[in-house]
Student: 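A single structure is presented below for examination.
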Amino acid sequence: MRFPGPGRPRCPRDAGRADRRPVVLREQATTQLQHLRHRGNVEEALRLGTEICHRYEETYGKHHPHALSPAVNLAITYRLLGNAAAAQYTDAVALAQLTEGLGATHPSTLVCRTNLASDHYALGDAADALRLDTETLRGFREVFDTDHPSTLACAANLAMDLRAVGRVEEAEALHGDTHNRLLRMGSGHPAVAQAFDWDHRADCDIDPMPL
């Protein structure tokens with residue numbers, strides 16, 4: 001699933017052509033990464049994601065949101081390859097910097113926290129995943145609304161956390177409510193298929209958006 005990202009930086013020099021090209025490149029690359037992962041070509045997704053990260057770090061600096069967004073996307077690939085520890089480290093570093101630079105409730109920060117919760121879940125730490133997803137769901141509901149795809153994806157993940165810590169009734173209630181809300185979007189929405197599967201967490205890529 002793709003989510004909005006931090007948007008184009010304001011560069012005083014050559015603010016036209018050079019400023020726009022990396023945004024278009026990243027939009028195309030995000031789509032390509034998703035296709036590679038969905039086809040099971042995760043090693044190629046790792047190679048491409050690493051290349052994108054290096055390119056953006058060289059262009060904008062390691063701590064700029066444009067460089068952090070590809071890192072968040074790369075962490076998904078780490079987790080799919082079974083390296084949840086690397087994913088957790090990458091997302092934790094990105095979350096701290098996104099929170100400082102953009103704020104705790106910026107969509108990119110919320111998406112990163114969603115992914116960090118999935119890293120904790122993959123490492124067997126459902127309690128920390130629950131804590132992170134609870135906080136993130138509150139943020140998504142404040143920034144968007146209850147029926148926004150980003151909110152519902154986080155809610156579906158939170159239902160998995162609740163079940164993992166033994167709060168089964170709460171998990172089933174949240175899962176059922178989230179499932180029904182997603183179905184109202186129509187069967188063609190990518191988030192709907194994820195809601196049918198209790199064992200599939202939402203992987204949240206970041207796309208650029210205006211600040």
Side-chain angles (χ1 to χ4, degrees), residues 1-11 19-34 37 45 48-50 52-80 86-121 128-129 131-146 148-158 190-191 194 201-211:
M1 186 179 300
R2 294 166 65 178
F3 292 84
R8 194 172 68 196
R10 298 178 180 89
C11 298
D19 207 12
R20 288 192 296 269
R21 186 170 59 243
V23 173
V24 175
L25 173 64
R26 191 172 73 192
E27 288 175 332
Q28 295 170 342
T30 299
T31 301
Q32 187 175 356
L33 283 171
Q34 287 179 317
R37 294 198 305 252
L48 177 61
T50 303
I52 293 168
C53 284
H54 290 163
R55 188 178 306 172
Y56 276 87
E57 287 178 5
E58 290 174 356
T59 303
Y60 298 108
K62 189 172 183 179
H63 304 300
H64 192 282
H66 268 300
L68 296 172
S69 298
V72 172
N73 296 345
L74 180 62
I76 298 172
T77 306
Y78 287 148
R79 189 170 354 105
L80 291 175
Q88 182 188 45
Y89 175 81
T90 302
D91 281 329
V93 170
L95 178 60
Q97 294 171 351
L98 287 168
T99 301
E100 180 180 357
L102 299 177
T105 58
H106 189 281
S108 293
T109 308
L110 295 172
V111 166
C112 183
R113 194 182 296 118
T114 298
N115 288 345
L116 181 59
S118 291
D119 301 333
H120 281 275
Y121 188 92
D128 260 349
R131 176 185 58 81
L132 288 163
D133 276 329
T134 300
E135 180 183 355
T136 306
L137 182 60
R138 188 181 306 117
F140 273 131
R141 285 174 172 169
E142 291 175 359
V143 173
F144 299 123
D145 57 49
T146 304
H148 191 280
S150 305
T151 307
L152 295 173
C154 183
N157 285 354
L158 178 58
Q194 295 178 347
R201 295 180 68 90
D203 291 324
C204 309
D205 294 87
I206 301 179
D207 273 348
M209 68 172 287
L211 285 170

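Start at 1 with the first residue, then count along the sequence. All values derive from a computational prediction rather than experimental measurement.
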Student: Does the distance from a Lys or Arg side-chain N to an Asp or Glu carboxylate O, for Arg113 and Asp91, drop under 4.0 Å?
Tutor: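 Here Arg113 does not pair with Asp91 in a salt bridge, since their nearest N and O are not under 4.0 Å apart.
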
Student: Please examine the side chains of Leu132 and His120, heavy atoms only from C-beta on, and report whether any two atoms are closer than 4.5 Å.
Tutor: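 His120 vs Leu132: side chains touch.
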
Student: To the nearest 0.5 Å, what is the distance between CG on Leu152 and CG on Leu158?
Tutor: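 Rounded to the nearest 0.5 Å, the CG-CG separation comes out at 12.0 Å.
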
Student: Can you tell me how far the NE2 atom of His63 sits from the CD atom of Glu57, to the nearest 0.5 Å?
Tutor: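 CD of Glu57 is found 9.0 Å from NE2 of His63.
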
Student: Kindly determine whether His148 and Asp145 satisfy side chain to side chain contact (heavy atoms under 4.5 Å, CB included), including the steps that lead there.
Tutor: CA-CA 6 Å; His148 191 280; Asp145 57 49; 3.7 Å; yes

Student: Could you check whether atom CD of Glu135 has more than 12 heavy atoms from other residues, nucleotides or ligands sitting under 6.0 Å from it?
Tutor: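 Enclosed.
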
Student: Answer yes or no: is there an ion pair linking Asp133 with Arg201, defined by an N-O contact shorter than 4.0 Å?
Tutor: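 Between Arg201 and Asp133 there is a salt bridge, with a charged N closer than 4.0 Å to a carboxylate O.
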
Student: Between Ala129 and Ala117, what is the shortest heavy-atom contact and its length?
Tutor: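 Where Ala129 meets Ala117 most closely, the heavy atoms are CB-O, 3.3 Å.
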
Student: Please give me the minimum heavy-atom distance between Pro107 and Val143, naming the atom from each residue.
Tutor: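 Answer, listing the atom of Pro107 first, then Val143: CG-CG1, 4.4 Å.
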
Student: Can you check side chain to side chain contact (heavy atoms under 4.5 Å, CB included) on Leu98 and His106, steps first, answer last?
Tutor: CA-CA 8 Å; Leu98 287 168; His106 189 281; over 6 Å; no

Student: To the nearest 0.5 angstrom, please state how far the OG atom of Ser69 sits from the OH atom of Tyr60.
Tutor: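 OH of Tyr60 is found 10.5 Å from OG of Ser69.
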
Student: Shortest non-hydrogen contact from Gln88 to Leu116?
Tutor: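 Shortest heavy-atom separation between Gln88 and Leu116 comes out as O-CD1, 3.6 Å.
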
Student: Look up atom CZ in Arg141 and atom OG in Ser150, then write down how far apart they are to the nearest 0.5 Å.
Tutor: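 These two atoms lie 13.0 Å from each other.
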
Student: Where is the tightest heavy-atom contact between Leu137 and Thr151, given as atom of each residue plus distance?
Tutor: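 Answer, listing the atom of Leu137 first, then Thr151: CD1-O, 3.4 Å.
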
Student: Would Ile76 and Arg79 count as a side chain to side chain contact (heavy atoms under 4.5 Å, CB included) if you check the C-alpha gap in whole Å, the side-chain angles of each, and the deciding distance to 0.1 Å?
Tutor: CA-CA 5 Å; Ile76 298 172; Arg79 189 170 354 105; 4.3 Å; yes

Student: Does the pair Val111 and Phe140 meet the rule for a side chain to side chain contact (heavy atoms under 4.5 Å, CB included), with working shown?
Tutor: CA-CA 9 Å; Val111 166; Phe140 273 131; 4.2 Å; yes

Student: In Å, rounded to the nearest 0.5 Å, how long is the span from OH of Tyr56 to NE2 of His66?
Tutor: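 It comes to 7.0 Å.
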
Student: Mind checking the OG1-CG spacing from Thr109 to Leu95? Nearest 0.5 Å is all I need.
Tutor: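 Reported value, rounded in 0.5 Å steps: 7.0 Å.
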
Student: Could you pull out the closest heavy-atom pair between Ala67 and Pro70, with the gap in Å?
Tutor: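 Nearest pair, atom of Ala67 first, then Pro70: O-CD, 3.4 Å.
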
Student: What is the minimum heavy-atom distance between Val72 and Cys112, and which atoms define it?
Tutor: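 That would be CG2-SG, 3.8 Å.
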
